[in-house]
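Numbering starts at 1 and runs along the sequence shown.
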Amino acid sequence: MLPEIEKRLDVSFTQADQLLFALFFSTLNYEVKSNEINAIMIAHGYATASSIANVCNRMLGNAVFTSIDMPVESTIFDISEKVVHYLEEYSVKQGILVLVDMGSLNMIYEQLKQNINQPILFIDQLSTPLALEVGNLIQQDRSLNEIAESMEEVVVPNVQLYQPKKSKKKAIITTCFSGLGVAIQIQKLLYDCLEDILEVDILPIEFAELQTSGLSEAFLSQYDALSVIGTNDVHIPEMKFVYLENIISGNGNTQLKEIFENLLSEAEIREVNDRLVKNFSLIRVLESLTILDTKRIMEVIENCIQDLERRLALRLSNARKVAIYVHVACMVERLIRHSEITDFPDLEKFAFEHEKEIRVIQDIFSVLEPIYSVTIPLEEICYIYNILYLD
């Protein structure tokens, strides 16, 4: 703000001035109303739009309208350009309402449609009574559809609501009861798992916002929401919710198939599932290990798991895969530190009864020994057997 004041009033501010402004604003009691529709007035003349906006904002008691004054010789192209600049500068979550004094709405929209991703409502023949009526509806948290319907009942010459012509983007919403930070972590995890497989927007949204307001009309006009993934159900009607833990610990392929059944093949869904298990396990392992290159050992273990499933004719659940990733990575670090497990109940009897499987497990995980200069004892192999087979 200060550079704009300096430019307009030909003054300069020191750092101390900036701090005083910051202290002043921090003491103000204000409420951020993020759900309101953005509304702008565009009119020809030196101060036509700004004068009407000033009167309406004072009568409404809030800064509902932004104004753009256009020179009298301005064309439809100039008006369209101003709207585009406004969309680039401001966050328009709920859509935008434009009041104009004159000009063909169809022609203005034709100039704009390739540059907008939000619903936009045009109302022409701008006047103060008309703007006050629209401002009241905005303050009542009415949607653009409701405002359009209300204004058509009033004798307004021309009201047209346009929805974006671009095809909707696919989106997955992530959320968490404990805050946006965890939702962002889930977002990063999913982006890594879908890389080079599917282009989809993954959007972290506050749990409280979803629970209170659901998905806005503007959001649904831009996105085809595939699912909400999180740690707590937000209970949005007609919106599929998937618990992250259920994907990891349950039958991940089934959960993911429900989300991506019309977008990915079965092989691609399996690939996403395996990446999800590996990356989720990596997060767990990173919390435990201190001396190993975690990404390197996870890649080796991933190959071992694939060999286990092939040679022992197993179909491991996600929960067992996570357990293998975490156990084996921590095992290698223990062996490097010479802190290996040395106790296993009835070791010789157990090894004899399950000789075939234990020999295969030893052979598969022996690849770790030359890499990390360790020897995997029989006790550790038997514990891996239990992870694979015991309920």
Side-chain angles (χ1 to χ4, degrees), residues 31-38 91-97 116-121 137-149 161 163-164 166-194 197-264 269 272-273 276 280 318:
E31 178 184 357
V32 178
K33 302 186 75 174
S34 60
N35 290 329
E36 282 194 355
I37 292 166
N38 290 55
S91 172
V92 183
K93 291 184 177 179
Q94 306 300 319
I96 182 172
L97 187 151
I116 60 174
N117 291 310
Q118 304 86 3
I120 183 165
L121 172 61
L137 293 172
I138 291 172
Q139 291 190 315
Q140 294 169 24
D141 291 327
R142 301 290 186 88
S143 68
L144 287 181
N145 276 323
E146 291 171 326
I147 294 174
E149 290 171 5
L161 173 63
Q163 295 290 355
K166 295 180 179 178
S167 59
K168 292 183 181 180
K169 294 182 178 179
K170 303 292 182 186
I172 293 173
I173 298 161
T174 64
T175 190
C176 179
F177 182 77
S178 61
L180 198 58
V182 176
I184 292 171
Q185 285 185 325
I186 299 173
Q187 175 200 39
K188 292 176 180 176
L189 178 66
L190 292 174
Y191 267 132
D192 288 342
C193 297
L194 291 168
I197 295 178
L198 178 67
E199 284 192 16
V200 59
D201 285 354
I202 303 172
L203 309 170
I205 300 179
E206 287 278 5
F207 182 87
E209 181 182 338
L210 284 174
Q211 198 171 45
T212 304
S213 308
L215 297 176
S216 68
E217 181 183 302
F219 179 93
L220 293 173
S221 71
Q222 296 177 64
Y223 294 103
D224 177 13
L226 301 175
S227 174
V228 180
I229 297 178
T231 55
N232 301 84
D233 194 348
V234 289
H235 300 291
I236 300 176
E238 300 179 3
M239 177 57 62
K240 188 191 304 296
F241 182 87
V242 178
Y243 287 95
L244 178 65
E245 285 289 342
N246 286 355
I247 298 178
I248 302 301
S249 61
N251 190 338
N253 275 347
T254 303
Q255 297 274 350
L256 295 171
K257 190 172 182 180
E258 292 178 4
I259 302 173
F260 301 116
E261 57 186 346
N262 297 320
L263 300 170
L264 299 177
I269 290 173
V272 172
N273 176 68
L276 194 59
F280 186 80
N318 285 352

Nearest 0.5 angstrom please: Ile96 CD1 to Leu121 CG, how far?
10.0 Å
Nearest heavy atoms of Thr175 and Glu206, plus distance in Å
OG1-C, 3.8 Å
Side chains of Ile205 and Val234: closer than 4.5 Å at any heavy-atom pair?
no
What's the separation between atom OH in Tyr191 and atom CG in Leu198, rounded to the nearest 0.5 Å?
10.5 Å
Give, for atom CD1 of Ile172 and atom NZ of Lys240, the distance between the pair rounded to the nearest 0.5 Å.
11.5 Å
Pairing residues for Phe241 by the ring pair (Phe, Tyr, Trp, His ring centres under 6.0 Å) criterion, not counting sequence neighbours
Tyr243
In chain order, what residues pass the side-chain contact (heavy atoms from CB on, under 4.5 Å) check against Gln140, with sequence neighbours excluded?
Asn136, Leu137, Arg142
Can you give me the closest heavy-atom contact between Ile269 and Leu256, atom names plus distance?
CG2-CB, 3.9 Å
Between Ala225 and Ile173, which heavy-atom pair has the shortest distance, and what is it?
CB-CD1, 4.4 Å
Heavy-atom side-chain contact between Leu276 and Leu190 under 4.5 Å:
yes
Distance-minimising heavy-atom pair for Pro204 and Gln187
CD-NE2, 3.3 Å
Can you name the ring pair (Phe, Tyr, Trp, His ring centres under 6.0 Å) partners of Phe260, sequence neighbours left out?
none
Which residues pass the side-chain contact (heavy atoms from CB on, under 4.5 Å) test with Lys188, not counting sequence neighbours?
Ile184
All side chain to side chain donor-acceptor pair (under 3.5 Å) counterparts of Asp224, not counting sequence neighbours:
Lys170
Let me see the working for Ile259 and Ile229 under side chain to side chain contact (heavy atoms under 4.5 Å, CB included), right down to the final yes or no.
CA-CA 10 Å; Ile259 302 173; Ile229 297 178; 4.0 Å; yes
Between Ile37 and Leu97, which heavy-atom pair has the shortest distance, and what is it?
CG2-N, 4.0 Å
Once rounded to the nearest 0.5 Å, what's the spacing between atom CD1 of Ile202 and atom OG1 of Thr174?
7.5 Å
Does the side chain to side chain contact (heavy atoms under 4.5 Å, CB included) test come out yes or no for Val228 and Leu215, once each step is laid out?
CA-CA 11 Å; Val228 180; Leu215 297 176; 5.5 Å; no
Applying side chain to side chain contact (heavy atoms under 4.5 Å, CB included), run through Ile120 and Leu144 and close with a yes or a no.
CA-CA 8 Å; Ile120 183 165; Leu144 287 181; 6.0 Å; no
Would you name the heavy atoms of Val242 and Ser227 that are closest together and state the gap between them?
CG2-OG, 3.7 Å
Please step through side chain to side chain contact (heavy atoms under 4.5 Å, CB included) for the pair Leu203 and Tyr223, ending with a clear verdict.
CA-CA 11 Å; Leu203 309 170; Tyr223 294 103; 3.9 Å; yes
